[in-house]
Amino acid sequence: MDSETRRRRIRETIAAIPEGRVASYGQIAELAGLARGARQVAYVLKTLPAGHRLPWHRVLRSSGHIALATGSSGYRMQRDRLRDEGVRVESGRVNMRTYRWQPDLDELIWAPPPEWEE
DNA sequence: CATATGACGACAA
DNA sequence: ATTGTCGCCATAT
């Protein structure tokens, strides 16, 4: 598989994350068929072309933390965009148990309820 | 070909 | 919760 294909699959996977849900770098890599490719996902996001339409803000560290430097403009933008679509962000962190995207479930169950915070 | 990098992740202390 | 180590792997130099 060439680098172009890898990048494309990563972008497609991220594009599939539903509004109000999030995924980790490692999860995106797995779903894209790239085991242990978390860093490659990060690379793709870092080098996105201007004008892209990808929901990059829905990708977080496995811990639920925003990966961008705390306080940076990107960090604030990601936090705000997440909040704008109903995701609770506390101290730069999202509760993965609540918001983690689960493809199979989200597509088999009609309405994924984002409001059952623990 | 050899090293350095890094929007990562798992784990130990 | 934090910090540091190590493993990982495509790119960059």
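All figures in this text were calculated on a predicted structure; none of them were measured in a lab. Residue numbers start from 1 in every chain, and the chains themselves are labelled A, B, ... in the order their sequence lines are given, proteins ahead of strands.
Under the 3.5 Å distance criterion, the side-chain polar atoms of A:H52 are matched with a main-chain donor or acceptor of A:L54. A donor-acceptor distance shorter than 3.5 angstrom exists from the side chain of A:R83 to the backbone of A:V89, with no hydrogens or angles considered.
Distance CD1 (A:I28) to P (B:dG9): 11 Å, rounded to an integer number of Å. The CE-P distance, from A:M77 to B:dA7, rounds to 17 Å in whole Å.
Contact detail for A:W56 and A:Q78: the closest heavy-atom pair is CZ3-CB, 3.7 Å. Here the closest non-hydrogen pair linking A:H57 and A:L60 is O-CD2, 4.4 Å. Closest non-hydrogen pair, A:A29 versus A:A38, comes out as CB-N, 3.8 Å.
A salt bridge does not link A:R36 with A:E30: every distance from a Lys NZ or Arg NE/NH1/NH2 to an Asp or Glu carboxylate oxygen is 4.0 Å or more. Contact check on A:R8 versus A:E12 returns a salt bridge, with a Lys/Arg side-chain nitrogen under 4.0 Å from an Asp/Glu carboxylate oxygen.
When DNA chain C is scanned 5' to 3' for any atom under 4.0 Å from a heavy atom of chain A, the first and last hits are C:dA1 to C:dA12.
Contact check of residues 45-75 of chain A against DNA chain C (heavy atom, cut-off under 4.0 Å) returns no residues at all.
Residues A:Y43 and A:L31 are members of separate hydrophobic clusters, defined by side-chain heavy-atom contacts under 4.5 angstrom among Ile, Leu, Val, Met, Phe, Trp and Tyr.
Within the nucleic acid shown, A:R7 has no heavy atom closer than 4.0 Å to any nucleic acid atom.
Along DNA chain C, the nucleotide nearest to A:R39 and the one nearest to A:Y43 differ in position, and the one closer to the 5' end is contacted by A:R39.
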